Visitor: 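Shown below is the structure under consideration.
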Amino acid sequence: MSVIEKALGGVLFIDEAYSLASGQGQGNSFNEEAIATLIQAMENYREELVVIFAGYTKEMQDFLDMNSGIVSRIGYTVEFEDYTED
């Protein structure tokens, strides 16, 4: 929770957020607890906290599928195309 408290009034950027979905259904209570804590913070501090979840598209879908509460709290989804030489 201390990371969330430090981010209040700003942005919490979670790179490779899909790693929180690793071990789903295998009794990985740390990941499940972390996601539950994030969901609660996103609800409780909606006016004070912006959370950005970043990661590869396919893997992020696994993350979003892990807990239905996440999707309902995400306001925007942006997908960036692969870079080209141009």
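This is a predicted model, so every value here is computed, not measured.
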Visitor: Rounded to the nearest 0.5 Å, what's the gap from CD1 on I39 to OG on S68? Could you check?
Guide: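 Separation between the atoms: 7.5 Å.
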
Visitor: Is there a path from M42 to V50 through hydrophobic residues (I, L, V, M, F, W, Y) whose side chains come within less than 4.5 Å of each other?
Guide: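 Different clusters: M42 never reaches V50 through Ile, Leu, Val, Met, Phe, Trp or Tyr contacts under 4.5 Å.
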
Visitor: What pairs with A54 under side chain to side chain contact (heavy atoms under 4.5 Å, CB included), at least two apart in sequence or on another chain?
Guide: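 Scan of A54 (side chain to side chain contact (heavy atoms under 4.5 Å, CB included), adjacent residues dropped) gives F13, D15.
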
Visitor: Holding to side chain to side chain donor-acceptor pair (under 3.5 Å), I want the full list of residues that pass it with T57, two or more places apart in sequence or in another chain.
Guide: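 Once residues adjacent in sequence are excluded, the partners of T57 under the side chain to side chain donor-acceptor pair (under 3.5 Å) criterion are E79.
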
Visitor: How far apart are the closest heavy atoms of S72 and G69, and which atoms are they?
Guide: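 Shortest heavy-atom contact: OG-O, 3.1 Å.
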
Visitor: Scan for salt bridge (Lys or Arg N to Asp or Glu O under 4.0 Å) pairs involving residues 34-53, sequence neighbours excluded, and state none if there are none.
Guide: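 Found E43-R46, E43-R73.
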
Visitor: Hey, could you give me the CG/CD distance between L20 and E59, rounded to the nearest 0.5 Å?
Guide: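 Answer rounded to 0.5 Å: 13.5 Å.
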
Visitor: Indicate the atoms forming the closest heavy-atom contact of M66 with A21, along with that distance.
Guide: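 Between these two residues, the closest heavy atoms are SD-CA, 3.3 Å.
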
Visitor: For L64, give me all partners under side chain to side chain contact (heavy atoms under 4.5 Å, CB included), at least two apart in sequence or on another chain.
Guide: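 Side chain to side chain contact (heavy atoms under 4.5 Å, CB included) check on L64 returns Q61, I70, V71, I74.
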
Visitor: Output the distance between atom CD (E33) and atom CG (L38), rounded to the nearest 0.5 Å.
Guide: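 Answer for the CD-CG pair, E33 versus L38, is 11.0 Å.
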
Visitor: Considering non-hydrogen atoms only, spot the tightest contact between S19 and N31 and give its length.
Guide: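 Minimum heavy-atom separation between S19 and N31: O-ND2, 3.4 Å.
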
Visitor: How long is the straight-line distance from CD1 of I4 back to OH of Y45, given to the nearest 0.5 Å?
Guide: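 If I round to the nearest 0.5 Å, the distance is 8.0 Å.
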
Visitor: Treat each ILVMFWY residue as a node, draw an edge where side-chain heavy atoms are under 4.5 Å apart, and state whether V3 and I14 are in one component.
Guide: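 Yes, because V3 and I14 connect within a single hydrophobic cluster, where side-chain heavy atoms sit under 4.5 Å apart.
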
Visitor: Please, which pairs that meet ring-ring contact (aromatic ring centres under 6.0 Å, His included) have at least one residue in residues 55-86, sequence neighbours excluded?
Guide: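 Non-adjacent pairs meeting ring-ring contact (aromatic ring centres under 6.0 Å, His included): F53-F63.
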
